[in-house]
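Reviewing the structure listed below.
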Amino acid sequence: MKNVKKMTILSIVLLFTLLIVGNTYSETELTEEYQQDLFDKLNHLRGQGPRPVSLENLERPICGTSIAFEAFINRDRLSGAYKTSAAMQGRDTTLNFSYESPAGHFLIHYATDGFNAVYEPTLDTLAGGDGVPDYVNKVGEIADSVWAYEIGELGFPAPPRDDFYPDGSGLDSTYDIYIKGLGSAYYGATYSEMIVDAQSATSVMVLDNNYNFPPYNEYDGDPRDFNRRLDAVRVTVAHEFFHAIHFGMDWTEWEGSDAMQARIYWWEMSAVWMEEMMYDDVNDYYGYLPSFFNYPWVGLRNFNTSAYPLALHPYGAAVFPIFLTERWGDPTIVRKIWEQCRDLGVGPQFGEAVDNVVNEVSGGTHGLAGALREFSVWNMFTGTRANRAPAGIGYSEKEFYPIIPDDAMFAFDNYPLHMSNSAVLDSFGTKLPECYASNIIKLENIYSIPDSLGLYFYSTASYSIDDWNISLIGLPIDDNADAIVQMNRYEGNPLDPYVVTDTDELFEVMVVITPVIIEINPIISYSQRFDYAFFVLDSVDNINQTVNYMSKVYPNPCDPAHLCETIKFEIEKSFVDTFNDPATLTITILNPAGEKIRTLFYDFENPSNSDEPGISHDFTKIFTAGWDLKNESGYDVASGVYMAYWQLKFTESSMDAPMTFKSKFAVIR
């Protein structure tokens, strides 16, 4: 046992750090409400205050690194007591004992009495009774094994040493771990301390002193209790030491804005991945998975520890690096992505880094879009659906993962089906997919379709999308048969259907739709939702029938006696824009005798050439042609069933003939 040999002259270290960090966010003033909440979270993390209101619904403990890091990057903007609180980083000079780990990599600081006393402080049976509590001995042993695995086996670089600190600080080359009583919301935390260069920083780690919460205190008083609590130590050290590596490799790999939160989603999902890599049998991350699988429309970039019920989502998203590792059988793939994040330079590089590495490990067959395409399909085969996975698809522990629930999908059972952009927006609302997330459309009672099914998709997203993935999963009526999986990249032509054959043998088809943007663009928020339209036909033979489902006539019937003065013809302009080609639309109206009585014309490229009256349009969504129920001579038409012939012509399209289709409607006088 050693006396405390590492003391920190905080004023010197913090002054040096602030000089280097500068005024990163000085342009934005922090609100009093934000500063108070951050202050409360920091106090709770340190075990010095109650769980704050913003964390009161947290279902299970999480990592405190994001809170400590948020204080670190914002502390030059904090004021008064808030600034003082942020300056109190992870080191604690009140802990009066320290112990160097057997391999000499770590110096562990601890106490044997008071609030910070380690679990069973008088239990001293290890190392021949060396005067060090067994809990501390085991922390040192675990930490050394984590170092050996993460650095020695996986090849990550060691965290920066702190022995270069200003003279008089008394620091050395070992990495510091502080064991303290933490608030109930946290397993541990890694505190950034001093900037080394533009992308590297030193850090210290803080662990809980007893992990007195479920499931790690389930054997309280039982001899098994000690090892069960050490399971919590194992996954926490694996997780937090990986954060120490993150700080050393690229502490700038995070997203943020004037909203003041540092979104370290890649840090957390990869740190939980490291827990599973190192301690496969503990499976602590199972507790986070419902927050991921229950919300498939929430993207991998989403990170908000105060947004319930999604606070645990970044931790459940560990399935993404697990997928990458298992899909390509490469345990170093996460290291390669972190190296890319570093090598691509300061700032968030997650999308491009994954794209580059997946391209490398797949031999050029996949990038980020291809990885997400398969990832979204793997996520469909978990829990009770795991046994339907075709060969080569699905996690090694898929049967233990939660299943995506039915209420997270959008179900339909009547065909043909047309879901326009506006219908999708109205029906799906806030559940439209974020980037790196999915919508799941469940087509039920497929066996009622006699031959084949055609799914037509077209993008109407307001922002540029690099890729859309459209995957179809057919579940046979035979419960013992594997699912039929069709994974597709959307090529941009809404008239090319995704075809499902032998529908009479299928119970349902699940359509998985995933938008992908590779470059992290601050203009496109992580919470931006992307809209689209689709339709499903029970026949794929008639292209004109296909287009007909992109148009609408209403009201039908039209009764002038009840204030119906205009028949409206709608077609989604975003569908026309998909062809990147100037187009015209002609609508010819025939009376019940088959005689032409009126023609409406619209020129998409030159709206001024269009017929009046009755022509209107919304350039972003819908084109509407209105018919005032009068013939060419201006007289009211009689009651009867009328026919409208639509002709959509593309002047430079590869299509030889215009698209033509018809609609039937009634006028009642």
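Source: prediction; values computed, not measured.
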Q | Donor-acceptor pair, side chain of E240 and main chain of T190, under 3.5 angstrom | A | yes
Q. Under 3.5 Å, is there a donor-acceptor pair between the S54 and D37 side chains?
A. yes
Q | Minimum heavy-atom distance A117-N209, with the two atoms named | A | O-ND2, 2.8 Å
Q) Under the 3.5 angstrom rule, does the side chain of N217 hit a backbone N or O of D220 as a donor-acceptor pair? A) no
Q | Test: R301 and E434 ion pair at under 4.0 Å | A | no
Q) Within the side chain of S200, is there an N or O that forms a donor-acceptor pair under 3.5 Å with the backbone of D197? A) no
Q | Between N356 and E360, a side-chain donor and acceptor under 3.5 Å | A | no
Q) Does any non-hydrogen side-chain atom of F303 lie less than 4.5 Å from one of W267? A) no
Q.
In the structure I gave you, are the side-chain heavy atoms of H239 and E268 within less than 4.5 Å of one another anywhere?
A. yes
Q | Listed once per pair and sorted, the side-chain hydrogen bond (donor to acceptor under 3.5 Å, both in side chains) pairs that draw on residues 309-325, sequence neighbours left out | A | W273-T325
Q | Qualifying residues under ring pair (Phe, Tyr, Trp, His ring centres under 6.0 Å), relative to Y436, sequence neighbours excluded | A | none
(Q) Within the 4.5 Å heavy-atom criterion, are R46 and S85 side-chain neighbours or not? (A) yes
Q: Mark yes or no for whether D467, through its side chain, and T514, through its backbone, hold a donor-acceptor pair below 3.5 Å.
A: no
Q.
So, using side chain to side chain contact (heavy atoms under 4.5 Å, CB included) as the criterion, who are the partners of L126 when residues are at least two apart?
A. D134, N137, K138
Q: Applying side chain to side chain contact (heavy atoms under 4.5 Å, CB included), name anything that partners A148, two or more places apart in sequence or on another chain.
A: none
Q. Pick one: which of Q340, R342, Q349, Q199 meets side chain to side chain donor-acceptor pair (under 3.5 Å) with D250?
A. Q199
Q) With F350, which residues qualify under ring pair (Phe, Tyr, Trp, His ring centres under 6.0 Å), at least two apart? A) Y265, W266
Q: Ignoring hydrogens and angles, tell me if any N or O in the side chain of D208 forms a donor-acceptor pair with the backbone of G181 under 3.5 Å.
A: no
Q: For the residue pair Y110 and V139, establish whether any side-chain heavy-atom pair is separated by less than 4.5 Å.
A: no
Q. Is there a donor-acceptor contact under 3.5 Å linking the side chains of Y34 and E70?
A. yes
Q: Using atom types as modelled and distance alone, determine if a side-chain donor or acceptor of R529 lies under 3.5 Å from a backbone N or O of T430.
A: yes
**Q.** Residues that F428 engages under ring pair (Phe, Tyr, Trp, His ring centres under 6.0 Å), provided they are two or more places apart
**A.** F410
(Q) Y119 vs L230, test: side-chain contact (heavy atoms from CB on, under 4.5 Å). Steps then yes/no. (A) CA-CA 10 Å; Y119 176 73; L230 289 179; over 6 Å; no
(Q) Checking Y191 now: which residues fulfil ring pair (Phe, Tyr, Trp, His ring centres under 6.0 Å) with it, not counting sequence neighbours? (A) none
Q.
Under the rule for side chain to side chain contact (heavy atoms under 4.5 Å, CB included), what residues qualify as partners of D222, not counting sequence neighbours?
A. Y219, R224
Would you mind writing out the side-chain donor-acceptor pairs for residues 371-379 within the sub-3.5 Å range, not counting sequence neighbours?
residue : atom : partner : partner atom : Å
R373    : NH1  : N469    : OD1          : 2.7
E374    : OE1  : R327    : NE           : 2.6
E374    : OE2  : R327    : NH2          : 3.3
E374    : OE2  : H366    : NE2          : 2.6
S376    : OG   : L372    : O            : 3.2
S376    : OG   : R373    : O            : 2.9
N379    : OD1  : Y395    : OH           : 2.5
N379    : ND2  : F375    : O            : 3.3

**Q.** ring-ring contact (aromatic ring centres under 6.0 Å, His included) assessment of W147 paired with Y175
**A.** CA-CA 11 Å; W147 181 292; Y175 188 89; 7.9 Å; no
Q | Main-chain N/O of Y187 paired to Y211 side chain as donor or acceptor, under 3.5 Å | A | yes
Q. Are F106 and I142 side-chain neighbours, meaning at least one heavy-atom pair lies under 4.5 Å?
A. no
Q) Of I245, I195, T202, which meets side-chain contact (heavy atoms from CB on, under 4.5 Å) against P160? A) T202
Q. Has the side chain of N116 got a donor or acceptor atom that lies under 3.5 Å from a matching backbone atom of A111?
A. no
**Q.** Partners meeting side chain to side chain contact (heavy atoms under 4.5 Å, CB included) with L289 (sequence neighbours left out)
**A.** Y285, Y286, F293, V319, Y401, P402
Q: Check the side chains of S270 and W338 for a donor-acceptor pair under 3.5 angstrom, ignoring hydrogens and angles.
A: yes
Q.
Any non-hydrogen side-chain atom of S203 less than 4.5 Å from a side-chain atom of H243?
A. no
Q | Smallest separation among heavy atoms of G188 and L182, with atom names | A | CA-CD1, 3.6 Å
**Q.** Side-chain ion pair, R228 and D225, N-O less than 4.0 Å
**A.** no
Q: Quick one: list whatever passes salt bridge (charged side-chain N to carboxylate O under 4.0 Å, His left out) with D284, sequence neighbours left out.
A: R60
Q) Does any N or O in the side chain of R335 come within less than 3.5 Å of the main-chain N or O of L154, such that one atom is a donor and the other an acceptor? A) yes
**Q.** Sub-4.5 Å side-chain heavy-atom contact between I440 and M380
**A.** yes
Q) Taking the side chain from N294 and the backbone from P290, do they hold a donor-acceptor pair closer than 3.5 Å? A) yes
Q: Tell me yes or no: between the side chains of H109 and D176, is some donor less than 3.5 Å from an acceptor?
A: yes
Q) What residues, two or more places apart in sequence or in another chain, satisfy salt bridge (charged side-chain N to carboxylate O under 4.0 Å, His left out) together with E352? A) none
Q: State, with a plain yes or no, whether a side-chain heavy atom of Y149 is found less than 4.5 Å away from one of M274.
A: yes
